[in-house]
Amino acid sequence: MASCWSLLPLFFFFFFFFSLCFHEREAVAVQGGQFGKGSIEFAGVELREHSTFTEIVTAAPLRSGDSGATFFFPSSLPSGFFALGSHAQAHTSNSSPPRALIARDTCASLASPTDFTLLFSTNSSAFFWQPIPPPGYAAAGHLVTSSPQKPPLSSIRCLRSDLLESCDSEAPIWSAKSDSSFTVHLSDSFGTIVAGKKPPLICINKSLLTVAAMPNLTQITALIKTYSPWINFHPKEPYLPSSVSWFFNNGALLYTNSSPNSPARIDPPAGTNDGAYWLDLPTDPASQNTVKAGNLPSADAYIHIKPTLGGTATDIVFWLFYPFNGPARAKVEFFDIALGRIGEHVGDWEHVTQRFSNFDGEMKQMYFSEHSSGKWVDPKELEYTPDGGRRPAAYATLHGHAFYPKAGLVLLGEMENDGIGIMDETAEGGAVMDAAANSVVVSAEYLGVEEPAWLQYMREWGPKVSYDVDKELEKVMRFLPGEMKRAVGDLVSRLPKEVLGEEGPTGPKEKASWNGDES
Ligand SMILES: *[C@@H]1O[C@H](CO)[C@@H](O)[C@H](O)[C@H]1NC(C)=O
Ligand SMILES: *[C@@H]1O[C@H](CO)[C@@H](O)[C@H](O)[C@H]1NC(C)=O
Ligand SMILES: *[C@@H]1O[C@H](CO)[C@@H](O)[C@H](O)[C@H]1NC(C)=O
């Protein structure tokens, strides 16, 4: 079969054709996007999500404890559509349902490979093939077959290379027993595999897709109304959120390192996190307590909207600001132990993220930030109100404000279920914040949303801790029996600095997840 590119004399014809396509894409963007229509068209390709697969071969786990993987190929494709590579699922309990993108050529953007090279084969007879694209094209995935014969050239399509860009590989989902440097990775955006020795992952060129497929402000408003979380605070929570302006207007102070003894009321300056400025509570104790308690009626969830998975999905991030993060509490078997001031800090930013597919407009996953990391949760694992609505609950832990999808107790730093850890405790029955009624979109670069000035404040939202962790620990431990003393000492020594609150916290824009993916 002739590839598109072998028709070089028609180059100028193609060039003309491509400009036409380009105009078509511009027109779509003006109409407000193709969000939730089932397919995404951009730069001469129509993409769809596909969920019907044929099982090709299963590869055994590398070592006991590792997971094996099953390799799939898209089947029953709609007419005109082609696969872009094989799909794979690791044999772990929490793998999501198989899904891969398929593509239809609308404007000279797809081409069959000109050949396949065998990359690797296993004894369990899985054969890994790299497609060789024609010039000007690139493969979005590799192929796995169960026979040593080359796959037919027509089995997949390559994309015009400017539609793709390389991106960082995710952790491998499988590696080979005989050569563990050969690894297989799954592309989040395409749902295809790439295999080899440290192969770069291929993603969709973000600059082409973003505008075409993202929701516009009308659609964002609808998504927030339908899916935004109910945020549940602990019934005993003394440190609630507030709006940023409430914090600024109620006496929070701006310190500068050139004159650290003369703080100013806040009009925070923009700039980088260079230690030149930080925020703190007001100095008189009464106002300090007022500010620490926060002010729920003023609080808004600050929303950041960004493209993800190469622009095939949208992340809606809800940021909450708390003037104060309370001290940590430890559990040692049956005892709850207040850890003095350990873990306390001024200025606490926490978030949950809802991820929507731009193909069908549905929420696919929700992320709960827990201290400096967090976890993605499938919609079926979320807790909804009994009225059948689609708005999930998010629970904030007492004092620390980490987010969890369900109420309960989690012990941080616990070793081998010994019942000793820092308490992340959430419960029902406390104050509830309606994130649909109390939220404001503060950033959506692709929509040109104007950002509030405080978002440009890149320095610390609280001072470095003013207490000595060892001294605080001594105070707490004085009253503990010897065995418990050792247990608490060991626990605190293995906690990350972040949980102990030793660094002043930075604002949302300084977090790695603002531009990148959730960790
Ligand atoms: C968003 O897109 C929808 C559907 O194309 C359209 O009806 C609506 O007017 C658009 N809204 C804005 C603010 O562009
Ligand atoms: C399969 O395994 C056997 C025994 O371990 C080995 O001798 C043989 O070379 C392997 N074959 C392939 C294709 O890896
Ligand atoms: C992605 O698309 C943009 C806009 O057309 C283009 O300038 C850029 O070169 C493309 N990236 C790659 C890696 O081809």
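One is the number of the first residue; the rest follow in order along the sequence. As the structure lists them, so they are numbered: ligands from 1, and atoms in each ligand from 1. Scope of the values below: all heavy atoms of this structure, side chains included, with no hydrogens, waters or symmetry mates.
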Looking at Lys306, Arg355, His304, which one forms a side chain to side chain donor-acceptor pair (under 3.5 Å) with Asp315? Arg355
Hits for salt bridge (charged side-chain N to carboxylate O under 4.0 Å, His left out) against Glu46, two or more places apart or cross-chain, chain-then-number order -> Arg48, Arg104
May I ask whether Leu164 has any heavy atom positioned less than 4.0 angstrom from an atom of ligand 3? yes
Donor-acceptor contacts, no H, no angles, side chain residues 294-302, under 3.5 Å, sequence neighbours left out:
| residue | atom | partner | partner atom | Å |
| --- | --- | --- | --- | --- |
| Asn295 | OD1 | Ser298 | N | 3.0 |
| Asn295 | OD1 | Ser298 | OG | 2.9 |
| Ser298 | OG | Ser243 | N | 3.1 |
| Ser298 | OG | Asn295 | O | 2.8 |
| Asp300 | OD1 | Ser439 | N | 3.3 |
| Tyr302 | OH | Val244 | N | 2.8 |

Purely on distance, is any nitrogen or oxygen of Asn205 under 3.5 Å from one on ligand 3? yes
Which one holds for Leu208 and ligand 3: side chain close, backbone close, both close, or neither close, with close meaning a heavy atom under 4.0 Å? side chain
Candidates Thr218, Asn216, Ile220; heavy atom nearest atom 10 (C) of ligand 1 found on Asn216
Is a salt bridge present between Arg99 and Glu49, judged by a nitrogen-to-oxygen distance below 4.0 Å? yes
